There are 2 protein chains.
Amino acid sequence: MRAIIAFVVLVGLLLPTVALPSSPAPEDPPVTSDLIVQRIIESVLADEHPVERLQELCDVIGPRLCGSENMDRGIAWAMAQLKADGMDVVRAEPVMVPHWVRGEERAEVIAPWHHDLPLLGLGGSIGTPEEGIEAEVMVVSDFDELEARADEAAGRIVLFNPPWEGYGKTVQYRVKGADAAAKHGAVACLIRSVTQSTYGPPHTGVMRYTDEEGVPRIPAAAIRVEDAARMERQHRRGLPVRVRLEMGAQRLPDVEQANVVADLIGREKPEEIVLVSGHFDSWDVGDGAHDDGASCVLAMEVARQLKKLDLRPRRTVRVVLWIDEEMTQTGAKAYMLAHADEVDRHVAAMESDSGCFAPAGWSVRGDSTTVALVAEMAVPLAVLGADDVSEGWAGVDVRPLNEAGVPGIGHRTQNDEYFLYHHSPADTYDKVDPDHVKANAAAMTALIWMLAEAEDPLPR
Amino acid sequence: MRAIIAFVVLVGLLLPTVALPSSPAPEDPPVTSDLIVQRIIESVLADEHPVERLQELCDVIGPRLCGSENMDRGIAWAMAQLKADGMDVVRAEPVMVPHWVRGEERAEVIAPWHHDLPLLGLGGSIGTPEEGIEAEVMVVSDFDELEARADEAAGRIVLFNPPWEGYGKTVQYRVKGADAAAKHGAVACLIRSVTQSTYGPPHTGVMRYTDEEGVPRIPAAAIRVEDAARMERQHRRGLPVRVRLEMGAQRLPDVEQANVVADLIGREKPEEIVLVSGHFDSWDVGDGAHDDGASCVLAMEVARQLKKLDLRPRRTVRVVLWIDEEMTQTGAKAYMLAHADEVDRHVAAMESDSGCFAPAGWSVRGDSTTVALVAEMAVPLAVLGADDVSEGWAGVDVRPLNEAGVPGIGHRTQNDEYFLYHHSPADTYDKVDPDHVKANAAAMTALIWMLAEAEDPLPR
């Protein structure tokens with residue numbers, strides 16, 4: 001890792017004096033003209049490169065839990081790829097990240113009849129004692145039911161089996177379930193996986209422990225929707241459900257990893273930055289294809305295509321592959337510290353993190369003028385289905401930039417299926433349609449080009 | 001188990017002399033009249049009983065691998081249920097069945113990067129040595145590729161990753177893959193799960209070893225479609241894929257279990273039998289809801305509804321819950337031996353074993369006259385979508401009866417989704433739509449009524 005961090009492309013150090021290629025700006029027709037956008041779209045759609053790159057990331061590197069060896073390999077791979085793409089600057093910017101390891105884990109239902117219980121520990125959970133935890137399961141639908149039946153929780157494994165009400169709402173049981181159960185003496189916490197699908201593997205994701213005194217830390221894991229539903233029916237029927245868990249999870253000391261940052265330096269205003277990004281870390285199961293490997297490949301592809309098409313824009317296009325989105329967002333925080341002096345020169349910050357399905361448009365974090373300007377730029381992307389623009393959330397990693405006034409642009413896809421795969425062993429390369437990779441690459445490249453080339457920056 | 005086998009309802013022993021309830025046959029209108037069928041359909045559709053019974057079977061008894069303790073509990077449960085339903089005869093007819101146990105199993109991919117490998121041993125497979133088997137994986141698409149590259153197989157784990165070409169064709173790799181690989185020196189065999197879904201858990205099912213001399217028995221297991229696809233891509237890319245397997249599977253001595261048989265004795269021709277059946281054994285994962293718990297509940301429901309509606313038909317309606325369909329069909333064979341003297345008095349044998357989805361009609365094994373007669377009977381079932389009748393396969397368990405001349409009737413459902421769940425931990429109660437349970441119960445009850453009441457039996 002240190003070797004990677006130490007590597008700074010010389011041209012990066014020489015940035016103010018570097019000789020820029022003389023790709024002239026197309027002054028006429030204007031930058032948003034259908035001609036250039038059409039050229040970009042046609043070129044990107046015809047190029048299999050990002051599909052092959054995603055396959056290589058998924059199959060050769062694999063999943064990229066922050067702190068893991070695979071993450072180190074991933075960073076080295078991305079640096080080499082971006083250099084091969086001919087980026088002007090390629091840097092691994094050091095970040096101290098949490099190092100949580102899953103360890104060995106297994107579970108079984110002991111009663112009413114014995115069966116293996118597929119489970120997936122939640123990110124950040126402690127493990128069980130070596131001998132495991134065996135206890136009767138108390139099933140509740142929600143926090144209210146837990147409070148109403150709080151006197152039953154002591155010594156039990158509490159299972160939250162809430163109905164799916166969308167990720168934003170249902171995820172609260174994953175994040176806060178263990179604390180809520182521990183307050184009433186539960187010895188472990190299980191949750192129904194946070195997904196709408198009643199089929200498929202368990203889904204992990206981050207959980208958090210309170211620092212509040214007197215709330216013990218208990219292990220937390222997700223189980224399949226089928227198993228949660230069965231346990232709830234058995235429990236409501238009055239059958240004692242007994243489960244045994246063994247989880248080897250632990251939090252090791254933080255390690256140094258990195259955000260990967262690469263610049264295609266602007267032709268006229270190199271100091272102004274249009275950022276395009278995805279998060280490079282993933283969970284440790286599957287291969288993180290949709291979340292968020294494909295987005296990283298898309299961000300890399302934007303700069304590669306501009307380079308390939310000799311369309312060096314007015315402003316600098318910066319590719320950022322964030323680390324530690326899934327756990328504690330140390331990557332986003334470290335970027336703000338490292339780039340404090342140029343935050344106000346970020347013209348826009350795009351993040352892609354909603355899966356790589358068919359393009360759906362853009363979610364813009366900015367004032368109504370910004371939203372309207374992006375909507376205007378997106379008109380020629382209608383051919384890709386990427387012309388829908390609304391005000392909204394841009395992304396977890398660009399949030400600090402957004403809060404400092406940088407307009408945020410969330411890349412959206414038609415991701416109805418996203419939570420079937422999200423954070424699970426089913427988030428694998430085969431779930432990504434190559435045509436969607438190319439369509440999203442085309443949409444992102446075209447919009448970033450327009451943002452980086454526009455005469456006036458977006459209003460802050 | 002012996003206590004169950006020993007239990008023979010007295011009325012069964014006294015069968016020839018038992019006083020039958022005097023429910024008169026509806027001579028006019030004729031038996032196929034819409035009025036009676038309509039009455040049956042309305043009654044069954046309004047009755048939640050089979051839905052609750054299926055839930056009880058799935059949640060309280062669980063899966064029913066033949067030879068297992070759960071299977072014993074299931075047989076006792078079914079006997080009690082059928083007695084409570086007021087059947088005239090309820091018998092557990094002894095069958096010696098294979099007793100294969102899965103034991104503990106786990107697998108991991110060692111290279112190119114480490115990850116857990118969800119797997120499910122195939123039914124009948126031997127286990128690995130206690131220390132496991134670790135070897136490089138050779139991935140082939142089909143038997144032809146294995147033969148073409150046979151010299152690479154020695155010492156390898158052969159993975160068959162055939163495309164899905166329908167269950168009937170693709171299942172050959174599950175059944176015969178281990179032998180094919182062992183002939184060339186492979187140390188274990190993996191298969192892509194036999195399913196069209198690229199999402200979901202591994203799917204088990206029976207495999208067989210040849211008795212041919214010189215072909216060693218090697219362990220065989222199914223893996224997820226995603227993992228098979230990834231390994232194939234890695235293998236074709238030239239990356240060595242290394243896997244470690246531990247499987248505790250073993251074949252124990254055969255045990256005595258039973259077919260569960262219950263009669264609703266015919267009003268006029270008690271010696272003539274219309275058989276309605278499902279197989280009661282399942283695999284040991286999930287709870288065997290679609291395969292074939294629901295069908296057993298449906299068969300039980302047919303007789304229960306006729307009894308409840310006081311529609312005792314001319315002929316005897318016999319409910320059979322077969323044992324050991326999944327492994328070696330000892331249940332079907334034992335039935336033929338035990339009932340040799342009355343095989344020629346079986347008028348029809350219905351089996352339901354295609355999942356409990358929306359009704360689709362009937363697949364009739366018999367001559368064209370038989371097919372035409374069933375098609376005529378099925379006309380009033382159009383309201384349930386159960387009027388489509390074609391010549392075809394009736395079922396594995398009724399096959400010996402069919403081969404002895406008994407017309408077979410396969411109950412069909414719209415089972416496009418069946419192989420998503422089939423033989424996997426996802427075959428669970430929540431996958432069955434209660435409305436489909438009721439609709440199939442109505443269709444089966446109505447058709448069995450017509451078959452048992454018809455003046456003339458179906459031609460043999």
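Worth knowing before you read on, the calculation uses all heavy atoms, side chains too, and leaves out hydrogens, waters and symmetry mates. On a predicted model such as this, the values are computed, not experimentally measured, just so you know. Letters go in sequence order (proteins before strands), and every chain restarts at 1.
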Selection residues 281-291 of chain A - residue pairs positive for salt bridge (charged side-chain N to carboxylate O under 4.0 Å, His left out), sequence neighbours left out: A/Arg102-A/Asp284, A/Asp287-B/Arg230
Proximal to chain A - members of residues 424-434 of chain B, heavy-atom separation under 4.5 Å: B/Pro425, B/Ala426, B/Thr428, B/Tyr429, B/Asp430, B/Lys431
Value rounded to 0.5 Å, distance of OH in A/Tyr199 from CG in B/Leu420: 4.0 Å
4.5 Å side-chain heavy-atom contact, A/Glu69 and B/Trp113: no
Chain B contacts, top residue of A/Pro63, A/Pro201, A/Pro118, A/Pro112 (heavy-atom pairs, under 4.5 Å): A/Pro63
Residue A/Glu131 excluded, over 12 heavy atoms near CD under 6.0 Å: yes
Chain A interface, residue from B/Gly62, B/Gly200, B/Gly286, B/Ser197 that has the most non-hydrogen pairs under 4.5 Å: B/Gly62
Contact leader toward chain A among B/Ile61, B/Leu239, B/Val225, B/Asp227, where contacts are heavy-atom pairs under 4.5 Å: B/Ile61
Contacting region of A/Asn70 [heavy-atom separation from chain B under 4.5 Å]: side chain
Residues, nucleotides or ligands: over 12 heavy atoms within 6.0 Å of B/Glu165 CD: yes
B/Gln55 versus chain A, the contacting section by heavy-atom distance below 4.5 Å: both
Option in B/Met231, B/Glu226, B/His114 with maximal non-hydrogen atom pairs under 4.5 Å from chain A: B/Glu226
Identified side chain to side chain contact (heavy atoms under 4.5 Å, CB included) counterpart of B/Val60 within the set A/Gln234, A/Arg237, A/Arg233: A/Arg237
